Amino acid sequence: MRVRTRFAPSPTGFMHVGNLRTALYAYLYAKHFDGDFILRIEDTDRERYVEGAVDVIYSTLQKAGIGHDEGPDKDKGYGPYIQSERKPIYGKYAELLVEKGGAYYCFCDKERLESLKDENGVARYDKKCLRLSKEEVAERLKRGDPYVIRQNIPLDGVSEYEDMVYGKITVPNADMEDGVLLKSDGMPTYNFANVVDDHLMEISHVIRGTEYLSSTPKYNLMYDAFGWERPKYMHLPPIMKDAQHKLSKRYGDANFEDFIEKGYLPQAIVNYIALLGWSPKGNEEKLSIQELIQEFDVDGISKSGSIFDEQKMRWLNAQYIRETTEEEFLELATPWFEKSVIKGKYDYKLFASLLHSRVEILSEIPDMVAFIEDFSDYGISLYEHKKLKIDLNIAKQAVETSIEAVEPLTSFSVEDVHNALVAKAEEKGLKKGQVLFCARLAVTGKASTPGGAAEMAALLGKEETLKRLKFSRSLFNA
RNA sequence: GGCCCCUUGGUCAAGCGGUUAAGACACCGCCCUUUCACGGCGGCUACAUGGGUUCGAAUCCCGUAGGGGUCACCA
């Protein structure tokens, strides 16, 4: 049997990382078996439809590297792939299901349904309309009475199925309601549309969140009533915000697009979410999408929810950043340099090489780079360094030495500055570390900087370097 | 509340009757080093709980507790 999986989001806004992970797993599973991954848009609820949401779905999938084989834009003969365009199909199958006894027409209005509620406010439909005669139904239909079509669920017995992740799931039939399959506007509910579509599109494995775990028996009852073969099911544990809340779409920044804007690389996000709820056989956690396809296996999927840990995603992102070449990183960093105080000044290339091993997410760049412009009076106690045996006296000499070393330079590359500083240190009988450390400090006024004395000086240029060194020298005399 | 499901360190997790209970993030320490970072090495901390079954249970069974999901003309 050919493996065909699908991702069936409803276009209600941004792409939540939980949704994205569901799409990822469905994609990985299909590709692992060289099967097809289908995109279907579930827009049967006209009230929740959000303009532009479909575009977000396309662009997110595309950026994440999750390519679909079929979808609204790629009809391979199973279309349409947008549910609102399939309305006639559902009507037809709903009638067929009525004929087969798996469903029935219901004319009950809101008021009556309301009156069925118990003390907990839970309503259970009482199958009243199931008892209507064929003639009566036909007559009311002819009269144009509003109606819905409900699923006819047995009153007793149990329904069972084998979930690929959770194992055997057993639900008493009495606990399932005769849910609405076809709404009064003629649109199907999810409960019905997913069954019809999954069958018609020949979906072999239904992969979705656990919220459907206990309603799946209802769908199986429909497959059975139609005489269709049931698909395999793989339900996925939730991604949590904390121990008791699922990651919420409306709170915080749990959607893909926001992470991209924060300077996360798509590969890192995908890699991280792949690991939330699934673990590979080996110990390697940094996996490309190709490797994920290779390694993906149902056995590795866990049953309990996982808390989203941005810290770990940051770490993974840093791994991906370090793996880029100098050129690639410069390209990634440049837009962020442009947003910072160094815009148009300094050597982007040199700055990029300094930040390459220091940046975890790109949005840190403006802050990491701001120090260069921020030079003013600072406390000279910063010079004291036990291990390098630097006291204020040594520091003063080191700064003086730095000035002497740098002054005659005609070429000011990192290497030039470094060599000059080291040579002069030796000449003056100072340890090179002492001069280098003091020069760096003198030139930046900062306890720590991304790079050493030579890099900082090269970044600033000869003129500014000397200016700052002399200013620092004056601090010792104050 | 009924029903379904889940429970290993702060977090992600391996484990599927016999292990010194992996690994990763975070944290701490050391090394490398002109600061910071990278990198290397090391450390810290876990089987929710009570009963069984068994020569032996993190692993199997039952109960308890805690948590999640679901009970819509939403998906």
Side-chain angles (χ1 to χ4, degrees), chain A residues 8-10 12 42-45 47-48 106 110 113 118-120 122-124 146-150 163 166-167 169-172 174-177 179-185 187-191 193-194 208-217 235 237-238 240 242-246 272 275-286 299-300 302-309 311-316 318 322 354-360 368 382 385 387-388 390 398 418 421-422 425 431-441 444 446-456:
Chain A
S10 50
T12 57
E42 309 221 328
D43 62 344
T44 55
D45 184 4
E47 309 206 340
R48 293 208 306 160
C106 172
K110 271 221 161 67
L113 261 21
D118 65 14
E119 61 280 6
N120 287 324
V122 176
R124 264 198 92 67
Y147 68 93
V148 298
I149 289 180
R150 283 183 184 276
D163 184 83
Y166 289 91
I169 304 296
T170 308
V171 178
D175 288 320
M176 295 187 277
E177 204 194 358
V180 170
L181 264 24
L182 206 68
K183 302 187 251 188
S184 53
D185 64 0
M187 277 293 198
T189 56
Y190 168 85
N191 300 311
N194 94 85
R208 66 199 357 165
T210 42
E211 59 269 31
Y212 300 108
L213 193 65
S214 55
S215 53
T216 294
H235 287 99
M240 312 290 285
D242 57 45
Q244 36 267 32
H245 305 282
K246 270 174 82 165
Y272 178 67
L275 260 22
L276 263 192
W278 172 77
S279 68
K281 288 268 193 293
N283 270 339
E284 187 55 47
E285 294 195 306
K286 184 168 165 297
D299 287 348
S302 57
K303 297 187 173 103
S304 48
S306 321
I307 298 174
F308 188 90
D309 180 14
Q311 201 162 223
K312 182 148 184 179
M313 185 165 76
R314 265 182 101 95
W315 170 79
L316 250 186
R322 277 167 218 142
L354 293 180
L355 296 186
H356 202 172
S357 69
R358 284 169 245 256
V359 168
E360 288 192 305
M368 290 182 87
L382 284 179
H385 189 122
K387 205 162 166 197
L388 285 168
I390 303 174
H418 183 262
L421 251 17
V422 171
K431 299 207 299 200
K432 72 170 189 180
Q434 294 175 323
V435 171
L436 260 8
F437 179 86
C438 294
R440 185 192 61 77
L441 196 43
T444 62
K446 296 285 179 293
S448 71
T449 52
E455 287 86 0
M456 294 301 107

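Note that the structure is predicted; figures quoted are calculated from it, not measured. Sequence lines set the chain letters: A, B, ... in the order given, protein chains first and strands last, and positions in each chain run from 1.
Across all strands, A/His245 comes closer than 4.0 Å to no nucleic acid atom at all (heavy-atom distances). Note on A/Thr444: nothing from the nucleic acid sits closer than 4.0 angstrom, heavy atoms only. At the heavy-atom level, A/Arg322 lies under 4.0 Å from the strands shown only through sugar-phosphate atoms. Counting any heavy atom pair closer than 4.0 Å across all strands shown, A/Thr189 reaches sugar-phosphate atoms only and no base atom. Residue A/Asp45 is in sugar-phosphate contact alone, with no base atom involved, counting any heavy-atom pair closer than 4.0 Å across all strands shown. Here A/Pro172 lies in heavy-atom contact (under 4.0 Å) with sugar-phosphate atoms only. In this structure, A/Gly433 reaches the sugar-phosphate backbone alone: every heavy-atom distance under 4.0 Å involves primed, P, OP1 or OP2 atoms, never a base. Residue-level contact check: A/Lys286 touches neither bases nor backbone, having no heavy atom under 4.0 Å from any strand. In this structure, A/Ala453 reaches the bases: a heavy-atom distance under 4.0 Å links it to at least one base atom across the strands shown.
Across the P atoms, B/C3 and B/G56 are found 35 Å apart, a figure rounded to whole Å. Taking atom C1' in both B/G10 and B/A26, one finds a spacing of 8 Å when rounded to whole Å. Separating the C1' atom of B/C25 from that of B/G18 is a span of 31 Å, rounded to the nearest Å. B/G15 sits 8 Å from B/A21 when the C1' atoms are compared, rounded to a whole Å. Nucleotides B/A14 and B/A57 have their P atoms positioned 24 Å apart, rounded to a whole Å. Distance noted for atom P between B/G67 and B/C30: 42 Å (whole Å). Taking atom C1' in both B/A22 and B/A13, one finds a spacing of 10 Å when rounded to whole Å. Here, B/G17 and B/U59 have their C1' atoms 7 Å apart, quoted to the whole Å.
Atom NZ of A/Lys303 and atom P of B/U59 are 14 Å apart (whole Å).
To the nearest 0.5 Å, the span separating CH2 on A/Trp278 from OG on A/Ser302 amounts to 11.5 Å. Annotation: the span from A/Leu382 atom CG to A/Ile390 atom CD1 amounts to 11.5 Å, rounded to 0.5 Å.
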Might you list the N or O atoms of the protein lying below 3.5 Å from N or O atoms in nucleotides 12-16 of chain B, with each pair's distance?
unit_1 : atom_1 : unit_2   : atom_2 : d
B/C12  : OP1    : A/Ile307 : N      : 3.2
B/C12  : O2'    : A/Leu275 : O      : 3.3
B/A13  : OP1    : A/Gly277 : N      : 2.6
B/A13  : OP1    : A/Ser306 : OG     : 2.4
B/A13  : O3'    : A/Ser279 : OG     : 3.2
B/A14  : OP1    : A/Ser279 : OG     : 3.1

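A sub-4.0 Å separation between OP1 or OP2 of B/A72 and a side-chain N or O of A/Lys183 is absent.
Within 3.5 Å, a donor on the side chain of A/Ser184 pairs with an acceptor on the base of B/C73, or the reverse.
Side-chain atoms of A/Arg124 come within 3.5 Å of backbone atoms of A/Met176 as a donor-acceptor pair (strictly under, hydrogens ignored).
Here the rule is side chain to side chain contact (heavy atoms under 4.5 Å, CB included) with A/Asp242, and of A/Lys246, A/Gln244, A/Met240 only A/Gln244 fits it.
Taking the six-membered ring for Trp and thresholds of 30 and 60 degrees, A/Tyr212 and A/Tyr190 have nearly parallel ring planes, at less than 30 degrees apart.
Both A/Trp315 and A/Lys110 sit near RNA chain B, but only A/Trp315 has its closest nucleotide nearer the 5' end. Along RNA chain B, the nucleotide closest to A/Thr170 and the one closest to A/Glu455 are compared, and the more 5′ of them pairs with A/Thr170.
Residue A/Leu388 places its side chain closer to B/U34 than to any other of B/G68, B/A75, B/U34. Of the candidates B/C36, B/U34, B/C38, B/C38 carries the atom nearest the A/Ser357 side chain, counting heavy atoms from C-beta on.
B/A26 makes up no base pair with any nucleotide shown, lacking Watson-Crick or G-U wobble contacts both under 3.5 Å.
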